[in-house]
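Structure first, commentary second.
When a ligand or atom number is given, it counts from 1 through the structure's own listing order.
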Amino acid sequence: MRRTQVSINLTALRHNLQIVRQAAPGRRVMAAVKANGYGHGLVRVAQALHDSDGFGVACIDEALQLRAAGITAPITLLEGFFHTDEIPLIEEHRLDLLLHHEAQITALEQASLSSTVRVWLKIDTGMHRLGVSPESAASLWQRLEAHPRLQPLGQMTHLACADDLHHPATARQIQDFAQATAGLSGERAIANSAGILGWPETHCDWVRPGIMLYGVSPFVGGRAAAHDLKPVMTLSSELIAVNMVQKGDTVGYGATWTCPETMPVGVVAVGYGDGYPRHAGNGTPVLVNGQRVPLVGRVSMDMVCVDLRSQPEACIGDPVVLWGEGLPAEEVAEAAGTIAYELFCSVTQRVALVEQG
Ligand SMILES: Cc1ncc(COP(=O)(O)O)c(C=O)c1O
């Protein structure tokens, strides 16, 4: 059998939740588990994080999967509902809504709700993606309060540039949020992972960690170890061939890498068909037998090649780690021109899954 597998370390996941608790003491935690738990398995992650105070998902399908698995904690639809036909399910399954647009509020006013629906108001303080304007926040909040079937929980905003600790936008967003919510009742929530670790003034009542739970630094150029975060996902495989390739010969599709000398080249059973990024260039680090070697040549669907000059003794069957334990996903993502979020979400169904802890 092909030994390409993704292992999910639930002990590390729970450890990372403790790091959230230490960084934002006394705050409630809404764990972001959208997009299949950032690729780690929605239900698996939510069950492992049963200590969190709630979960944030992107759409009702994700919320319903959690309820079907017996998760009773508060679940917030971070984009509210997309269509009004979701409203009966929202009521039935006691889902909380993050309302980001006046049209959603109007739709709720026109719907005949049969139970109380809990809602957050999302205010756009500079991301300019979702959220009501700071100027309209107070009057929309009053509409929520006036609705007999809505229970307004509080106000949220989302940080656009908190991953850069020197970016001036974050201080502006914090200030605009404070102004927009001054005098409004309810709780406040601003912080994503970068806010939790880098901007204590964003902690408010609730924090919404995502990527740090999965063991990745949220900061540009950052590394998880600096925050004592542990990798949760490890993508691994093995060498399926080791070949001596002659000086001047090229490796892989497009002949993008030429051997500078006669040398051993290893072939690893992983490729973009497994979710390994095709844009990972020559030099992207790969662990063979726990030691770093550089990727050479283009990533193909089922295989990548590595330069084994530093390990001439390496042979077929030797273990390979693509990211995770021993090799930060941040580094691989940087080499592939992406972010660890995308690496995790890209791992495909054909990769065997192993759960640890
Ligand atoms: C509204 C909201 N809150 C929190 C998060 C978690 O962000 P991060 O993974 O950067 O911690 C996200 C993720 O994009 C989000 O959309």
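When heavy-atom distances to ligand 1 are checked against a 4.0 Å cut-off, Arg208 comes that close through both its backbone and its side chain.
Taking atom 2 (C) of ligand 1 as the reference point, the nearest protein heavy-atom neighbour is His158 CE1, 3.4 Å. At the shortest separation from atom 10 (O) of ligand 1 among protein heavy atoms lies Tyr341 OH, 2.7 Å. Nearest protein heavy-atom contact of atom 11 (O) of ligand 1 is Ser193 OG, 2.5 Å. Ranking protein heavy atoms by distance to atom 14 (O) of ligand 1, first place goes to Lys34 NZ, 2.9 Å. Counting only heavy atoms of the protein, atom 7 (O) of ligand 1 lies nearest to Asn192 CB, 3.5 Å.
Listed by number with element, the atoms of ligand 1 under 4.0 angstrom from any heavy atom of Tyr38 are 6 (C), 7 (O), 8 (P), 9 (O), 13 (C). Proximity to Gly210 (heavy-atom distance under 4.0 Å) selects the following atoms of ligand 1: 6 (C), 8 (P), 9 (O), 11 (O).
Ligand 1 lies out of reach of Met156, whose nearest heavy atom is not under 4.0 Å from it.
A heavy-atom distance below 4.5 Å is found between the side chains of Asp228 and Lys230.
His100 and Arg129 form no side-chain donor-acceptor contact under 3.5 Å, judged by distance and modelled atom types alone. Looking only at atom types and distance, the side chain of Gln110 has no donor-acceptor partner in the side chain of Thr84 under 3.5 Å away.
Residues in residues 319-346 take part in these side-chain hydrogen bond (donor to acceptor under 3.5 Å, both in side chains) pairs, two or more places apart or across chains: Arg223-Glu334, Arg292-Glu331, Thr338-Glu342.
Under a 3.5 Å cut-off, the side chain of Asp205 and the backbone N or O of Arg188 do form a donor-acceptor pair.
Paired with Asp53 under the rule salt bridge (Lys or Arg N to Asp or Glu O under 4.0 Å), one option of Arg28, Arg27, Arg21 passes, and it is Arg21.
The salt bridge (Lys or Arg N to Asp or Glu O under 4.0 Å) test applied to Glu238 returns Arg3, not counting sequence neighbours.
Taking distance alone, with nitrogen or oxygen atoms compared against 3.5 Å, Ile211 approaches ligand 1 more closely than that limit.
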